[in-house]
Structures are given as structure tokens and as C-alpha cells.
Amino acid sequence: MSRVCTRALNFELRAGETLLEGLERTGHAVEYQCRSGYCGSCRTTLLEGAVSYQQEPLAFVPAGDILPCCCRPQGEVILDLDAEPVKKQA
């Protein structure tokens with residue numbers, strides 16, 4: 001399993017989970033549309049670590065950025081996400 005660190009918290013990805021799915025599960029508000037690397041809406045800065053793509057995304061991904069919708073971390077990653085986890089209503 002891969003460990004993910006953001007400004008908000010640290011968590012482990014579940015088996016078979018994309019980075020976007022893990023971010024959603026832990027309450028991070030990440031913009032997305034296509035979930036398959038076409039639009040680039042979920043573009044996020046990767047501060048440390050590495051990811052892999054099962055298929056190369058069609059959206060432009062500048063050096064240092066990743067598309068969480070269609071990548072999987074290769075070990076621990078640190079993301080530059082300002083988003084705070086969504087607070088659950090009591």
C-alpha cells in the first residue's frame with residue numbers, strides 16, 4: 001500500500017484505489033470531471049515521490065504535476081494540496 005501525505009493529513013491508499021479515490025474517501029475536495037486523464041481538472045503538484053499511469057493521460061501534465069484520477073503512487077507521495085478535509089456535519 002502507498003502512503004499519501006497532504007497539508008491536511010496522511011493516509012494509506014486501499015488496494016486498487018486511485019489517488020483521487022483515496023483523496024475523496026478521506027474528505028479532500030479535489031476538482032475532477034472525467035476520471036480518466038482526458039480533462040486535467042484534477043491536476044495536482046507532486047512534491048515528493050513518484051506515480052505511475054496504467055495508460056498515458058491525454059491531458060497535458062507539466063513536469064512536477066500529476067493527475068490523481070488515473071495514477072497510482074509508487075510508495076509514499078507528498079502532495080501540495082491546500083484543500084482541507086471536508087468537515088462532516090454532526
Locate the shortest heavy-atom distance separating [X] from [Y]; write the atom from each residue and the value.
{"X": "Val51", "Y": "Gln74", "value": "C-CG, 4.0 Å"}
{"X": "Cys71", "Y": "Ile66", "value": "SG-CD1, 4.1 Å"}
{"X": "Cys70", "Y": "Gly37", "value": "SG-CA, 3.7 Å"}
{"X": "Arg7", "Y": "Leu81", "value": "CB-O, 3.2 Å"}
{"X": "Ser36", "Y": "Cys69", "value": "N-SG, 3.6 Å"}
{"X": "Arg14", "Y": "Glu17", "value": "N-OE1, 2.9 Å"}

So, [X] side chain and [Y] main chain: donor-acceptor pair closer than 3.5 Å or not?
{"X": "Arg43", "Y": "Phe60", "answer": "yes"}
{"X": "Tyr38", "Y": "Gln33", "answer": "no"}
{"X": "Thr44", "Y": "Cys42", "answer": "yes"}
{"X": "Thr45", "Y": "Asp80", "answer": "no"}

Please examine the side chains of [Y] and [X], heavy atoms only from C-beta on, and report whether any two atoms are closer than 4.5 Å.
{"X": "Cys5", "Y": "Leu79", "value": "no"}
{"X": "Leu20", "Y": "Arg35", "value": "yes"}
{"X": "Leu19", "Y": "Pro73", "value": "yes"}
{"X": "Asn10", "Y": "Arg3", "value": "yes"}

Rounded to the nearest 0.5 Å, what separation is found between the CG atom of Asp65 and the CG atom of Leu46?
->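 Here the rounded value is 8.5 Å.
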Joint hydrophobic cluster, [X] plus [Y], side-chain heavy atoms closer than 4.5 Å:
{"X": "Leu47", "Y": "Val77", "answer": "no"}
{"X": "Tyr32", "Y": "Leu23", "answer": "yes"}
{"X": "Ile78", "Y": "Leu67", "answer": "no"}

Is the closest side-chain donor-acceptor distance between Glu31 and Ser41 under 3.5 Å?
->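 Distance-only check fails for Glu31 and Ser41.
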Residues Arg72, Glu21: salt bridge by 4.0 Å N-O rule |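 Answer for the salt bridge query: no.
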